[in-house]
Asker: 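If you scroll down you'll find the structure; I have some questions about it.
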Protein chains: 2
Amino acid sequence: MSSAPPPPGFELPLRLLLAFRTIIDELHERIALEGHPDLRPMHGFVFQAIGPNGTTAVELGRRLGVSKQAAGKTVETLEQLGYVERGSDPADARRKVVRLTARGVDCLVRSARIFDELRAEWSATLGEEQLRQVEDGLRRLAPGDPFRLDTPRWFGSP
Amino acid sequence: MSSAPPPPGFELPLRLLLAFRTIIDELHERIALEGHPDLRPMHGFVFQAIGPNGTTAVELGRRLGVSKQAAGKTVETLEQLGYVERGSDPADARRKVVRLTARGVDCLVRSARIFDELRAEWSATLGEEQLRQVEDGLRRLAPGDPFRLDTPRWFGSP
DNA sequence: CACGATAGACAACCTCATTGACCATATAGA
DNA sequence: TCTATATGGTCAATGAGGTTGTCTATCGTG
């Protein structure tokens, strides 16, 4: 009955971060082998924030938790890398819709597949039961929309 | 059992990051109320990297995975905030030893206590059994030293 | 004692975020 | 309809934090 002393409280957050980094690093290692070597950890968040239907720089900034100018610059970078493209919205001449290119969609699809493969490997390592315990525990510790995308900025100073 | 379909593979990493952020944000909210309102998430890593015996800017840079100049600037910032102080090493006139001040040590002690309090709250929420399942699962998914301190730099672009 | 290695400081630069300002366009109300 | 306001996008200036390159002082080794 849990007779062993509990681990120090700082271990769990460090393990959470280390596990996250391990997974993301593994993802990028594999997706680099599949033709996307230029991606950075942050870019996956941006692709998810753009979504399959496209978005605008302002809305992207809101989702990422950064200013619209910063979001615009990120879009410009990803446009040069060939992952997104900008078009005009016929229904609103102010909006410039940012959409994933075929290459961007390919990246999203591969990411989703690799994440599923990685989960299958964790399931094999831990057993499906314990993995679900972990996932359920994290859902209860950190409820809400997991797509809080303002993390890149979060570390730095005010 | 486990007859329900597994969640998509990308949920776990997002939950890991969200849980980490939730914990760190909670820590900083509480430690701000105890007299340390100026701390940033990264500073805890720096304090841990300095350690109880002090260190130098070069060694700090190695542990944090940044250049010695960047480490020096961080030390300068923390010195102005009153968390560290620089002294000379009588055994080596080149070295300028960075040590935590009483205020810095106070911060480390309070952090450890608050982390333990937070863990007790998670234990009450999940039950000690499931919390240990989570911790054990993370240890197996991400083994090794949890004190990898090069995270602050990890997010950005190269 | 001379030489290479190390610790630290200074300067220039880069990247990425910020705020402020400005223009074009859409929308709501008198 | 015409005007006021809100919204989307861009440009400019700024600041934080990182980098590399260079320089000096000091240590350790031959």
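For the numbers below, each heavy atom of this structure counts, side chains included, while hydrogens, waters and symmetry mates do not. Order of the sequence lines sets the chain letters (A, B, ...), proteins ahead of strands, with each chain counted from 1.
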Asker: For A/E11, run the salt bridge (charged side-chain N to carboxylate O under 4.0 Å, His left out) check against B/R139, B/R119, B/R132 and tell me which one passes.
Answerer: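 Single salt bridge (charged side-chain N to carboxylate O under 4.0 Å, His left out) partner of A/E11 among B/R139, B/R119, B/R132: B/R139.
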Asker: Taking 4.0 Å as the cut-off, does a side-chain nitrogen or oxygen of B/S67 come that near to OP1 or OP2 on D/dT19?
Answerer: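 For D/dT19, OP1 or OP2 has a side-chain N or O of B/S67 closer than 4.0 Å.
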Asker: Measure CD/B/Q80 against C1'/D/dA16 and give the value in whole Å, please.
Answerer: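 Value for this atom pair: 13 Å.
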Asker: Quick one: on DNA chain C, does B/T56 or A/A93 contact a more 5' nucleotide (nearest heavy atom)?
Answerer: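 Result of the comparison: B/T56.
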Asker: For B/R94 and D/dT26, give me the distance from atom CZ to atom C1', rounded to whole Å.
Answerer: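 Rounding to the nearest Å, CZ of B/R94 and C1' of D/dT26 are 5 Å apart.
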Asker: May I ask you to say whether B/R15 pairs ionically with A/E135, meaning some side-chain N is under 4.0 Å from a carboxylate O?
Answerer: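 No, no charged N to carboxylate O under 4.0 Å.
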Asker: Could you check how far CG of B/L64 sits from P of D/dT19, rounded to whole Å?
Answerer: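 About 10 Å, once rounded to whole Å.
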Asker: In terms of side-chain geometry, is the basic nitrogen of A/R30 or A/E34 positioned less than 4.0 Å from the acidic oxygen of its partner?
Answerer: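 A salt bridge is absent here (no side-chain N lies under 4.0 Å from a carboxylate O).
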Asker: Using whole Å, what does the distance between atom P of nucleotide D/dG9 and atom CG of A/D92 come to?
Answerer: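 From A/D92 CG to D/dG9 P: 8 Å.
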Asker: State, with a plain yes or no, whether a side-chain heavy atom of B/F47 is found less than 4.5 Å away from one of B/C107.
Answerer: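 B/F47 reaches B/C107 side chain to side chain.
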Asker: How close or far is atom C1' of D/dT26 from atom CG of B/D89, stated in whole angstroms?
Answerer: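 It works out to 12 Å between those atoms.
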Asker: Rounded to whole angstrom units, what separation is found between the CZ atom of A/R95 and the P atom of C/dT27?
Answerer: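 My rounded result for the distance is 11 Å.
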Asker: I want to check one thing: is the phosphate of C/dA17, taken as OP1 and OP2, less than 4.0 Å away from some side-chain N or O of A/T74?
Answerer: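 Result: yes.
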Asker: Side chain of A/Q69, base of C/dG20: donor and acceptor closer than 3.5 Å?
Answerer: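 Indeed, a donor on one side and an acceptor on the other fall under 3.5 Å apart.
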Asker: Looking at CD of A/E76 and CG of A/L81, how far apart are the two atoms once the value is rounded to the nearest 0.5 Å?
Answerer: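 Between A/E76 CD and A/L81 CG, I get 11.5 Å after rounding to 0.5 Å.
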Asker: Check the distance between C/dC16's P and A/L60's CG and give it to me in whole angstrom.
Answerer: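 Interatomic distance, CG of A/L60 to P of C/dC16: 15 Å.
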Asker: Mind calculating the distance between CZ (A/R86) and P (D/dG9) to the nearest angstrom?
Answerer: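 Atom CZ in A/R86 sits about 9 Å away from atom P in D/dG9.
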Asker: Is A/A70 touching bases, backbone alone, or none of the nucleic acid, heavy atoms closer than 4.0 Å?
Answerer: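 Base, at least one base atom sits under 4.0 Å.
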Asker: Please state whether the base of D/dG9 and the side chain of A/K68 form at least one donor-acceptor pair under 3.5 Å?
Answerer: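 Such a pair exists between side chain and base.
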Asker: At less than 3.5 Å, do the side-chain atoms of B/K73 and the base atoms of D/dG18 form a donor-acceptor pair?
Answerer: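 Pair found.
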